[in-house]
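A note on names: the letters A, B, ... follow the listed sequences, proteins ahead of strands, and every chain is numbered from 1.
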Number of protein chains: 2
Amino acid sequence: MTTDELAESLSKELRHLVLLLRRAVAGQPVTSQQYAVLGSLEDGPRRMTELAEEHGVQLPTMTVQINRLEEPGLVARGADPADARVRTVELTDEGRARLVAVRRARIAYLGDRLDALTPAEREAVAAALPALAKLGRP
Amino acid sequence: MTTDELAESLSKELRHLVLLLRRAVAGQPVTSQQYAVLGSLEDGPRRMTELAEEHGVQLPTMTVQINRLEEPGLVARGADPADARVRTVELTDEGRARLVAVRRARIAYLGDRLDALTPAEREAVAAALPALAKLGRP
DNA sequence: CAGGCTAAGTTAGACTGACTAACTATGACA
DNA sequence: TGTCATAGTTAGTCAGTCTAACTTAGCCTG
C-alpha cells in the first residue's frame, strides 16, 4: 500500500470513527468539547491561554466555553497572585463528578465496540496507537 | 492493555487526529463537512434521506448543507421520476473538480504526516485499518 | 375513490462552537 | 514615565446541528 493510499483509507476510516464517537456522546449532559475541557483541568488549575492552545482554539472561543462551564458551577475562575492579568480555571467538585460520569459513559461505549472485535483486531488497534499518536501531534 | 484502557487511549488519539485533519482543510474553499458531502456524491446522484443517514445527521441539517453547496453551483438538485416526493442531489462538473482538488490537499497533507513515520509505524497503521473500519461501521 | 396515515423534504427558530476585530487591564522595559 | 506587549473579555458573524411544524406526495382501507 502506498503512503497516499494509506492516507486516503485512513482519512475515510477516521470520518466514520468520528461519527461513531459523536453518536456516543449524543444526549450526554455535556458536549464533547466541554468534556475535553474538563479533562484538561483534571490535574489542577490552568490558565486560559494554556487551555486555548491545548485545544487548538483561539482565546475568545475558550472564554465562551469556560463561561458556559462556570455558569452551572462545573469550573471556577481564579487569579494568579504573581500576574494580575492571568485568570486560572479549575474544576469544582461538581465538575469533577461530571467529568468522571461522562468519561465512564464514553469509555463504556467505545469499549463495547472494541469488545465486538477479535482479540487480534484489538491487538492491531493497540499496536497502531503510538503511530496514531505521533501522527496526530506534530 | 484492557479494553477500557484501549478505548480511552483510542478516544484521545482520535480527538487529536480530528484536529489534525481539520487543520488540513482550514482555509480550503469548502469546509470538511461540505467535502464529506461531496464525497458521498462521487458515484452518482443520491437522495436527501440517504445522505442524511450516511452522515449521521437529521434531514434538515442535510437540507441546509445542500443549499449551501447548491448556491455556488457545486451540486444540483433533481427529481426522482418514480416518486415525486424524492429530491436527488448530484455533483456538477464544478463540484467534481472542487472535490478532486480538496481531496488532493487532504491526502497530501496526511501523506506528508505519514511519511514522517517509520516504515514499521506505517505498517502498524495499515494493519489496524480493517479493525478501525469494523469499529467505525457497526 | 375519499379519508387518513406515512414518507420525503423544507422552513423556522434556537443553540454550540468557532472565528476576527476591538476593547480593557496589566506587565515590562527603555 | 511612556510605549509596547501580553492576558483576557466582549461583540458580531458564520457554520453546523437539532427539534418542531409545515407541505407535498404516495399508499391503503373501507
How many Å lie between [atom1] on [X] and [atom2] on [N], as a whole number?
{"X": "Glu53(A)", "N": "dG8(D)", "atom1": "CD", "atom2": "C1'", "value": "13 Å"}
{"X": "Met62(A)", "N": "dT16(C)", "atom1": "CE", "atom2": "C1'", "value": "14 Å"}
{"X": "Leu51(A)", "N": "dA7(D)", "atom1": "CG", "atom2": "P", "value": "13 Å"}
{"X": "Leu59(A)", "N": "dA11(D)", "atom1": "CG", "atom2": "P", "value": "17 Å"}
{"X": "Gln34(A)", "N": "dA18(C)", "atom1": "CD", "atom2": "C1'", "value": "14 Å"}
{"X": "Met48(B)", "N": "dT24(D)", "atom1": "CE", "atom2": "P", "value": "18 Å"}
{"X": "Arg77(B)", "N": "dA8(C)", "atom1": "CZ", "atom2": "C1'", "value": "12 Å"}
{"X": "Asn67(A)", "N": "dA18(C)", "atom1": "CG", "atom2": "C1'", "value": "15 Å"}

Whether Thr92(B) side chain and Gly73(B) backbone form a donor-acceptor pair below 3.5 Å = yes
OP1 or OP2 of [N] versus the side-chain N and O atoms of [X]: is any pair under 4.0 Å?
{"X": "Thr63(B)", "N": "dT11(C)", "answer": "no"}
{"X": "Gln58(A)", "N": "dG17(C)", "answer": "no"}
{"X": "Arg68(A)", "N": "dC15(C)", "answer": "no"}
{"X": "Thr61(B)", "N": "dC18(D)", "answer": "yes"}
{"X": "Gln65(A)", "N": "dT16(C)", "answer": "no"}
{"X": "Thr49(A)", "N": "dT6(D)", "answer": "no"}

query = At their closest point, which heavy atom of Gly111(A) faces which heavy atom of Ala7(B), and how far apart are they?
reply = N-CB, 3.8 Å
ask   = Near DNA chain D, which residues from residues 79-90 of chain B have a heavy atom under 4.0 Å away?
value = Asp83(B), Ala84(B), Arg85(B)
So do the side chains of [X] and [Y] get within less than 4.5 Å of each other, counting heavy atoms only?
{"X": "Arg103(B)", "Y": "Glu42(B)", "answer": "yes"}
{"X": "Arg46(B)", "Y": "Val89(B)", "answer": "no"}
{"X": "Met62(A)", "Y": "Val37(A)", "answer": "yes"}

query = Any idea which of dT17(D), dC18(D), dT10(D) is nearest the Gln33(B) side chain?
reply =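 The closest nucleotide is dT17(D).
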key: Sugar-phosphate, base or nothing in reach of Arg47(B), heavy atoms under 4.0 Å   = sugar-phosphate
ask   = Is there a path of hydrophobic side-chain contacts, each under 4.5 Å between heavy atoms of I, L, V, M, F, W or Y residues, that connects Leu41(B) with Val86(B)?
value = no
request  = Write out all pairs satisfying salt bridge (Lys or Arg N to Asp or Glu O under 4.0 Å) with one or both partners inside residues 75-87 of chain B, taking only residues at least two apart or from two chains.
outcome  =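 Applying salt bridge (Lys or Arg N to Asp or Glu O under 4.0 Å) to every pair that reaches into residues 75-87 of chain B, excluding sequence neighbours, yields Arg47(B)-Asp80(B), Glu70(B)-Arg77(B), Asp83(B)-Arg85(B).
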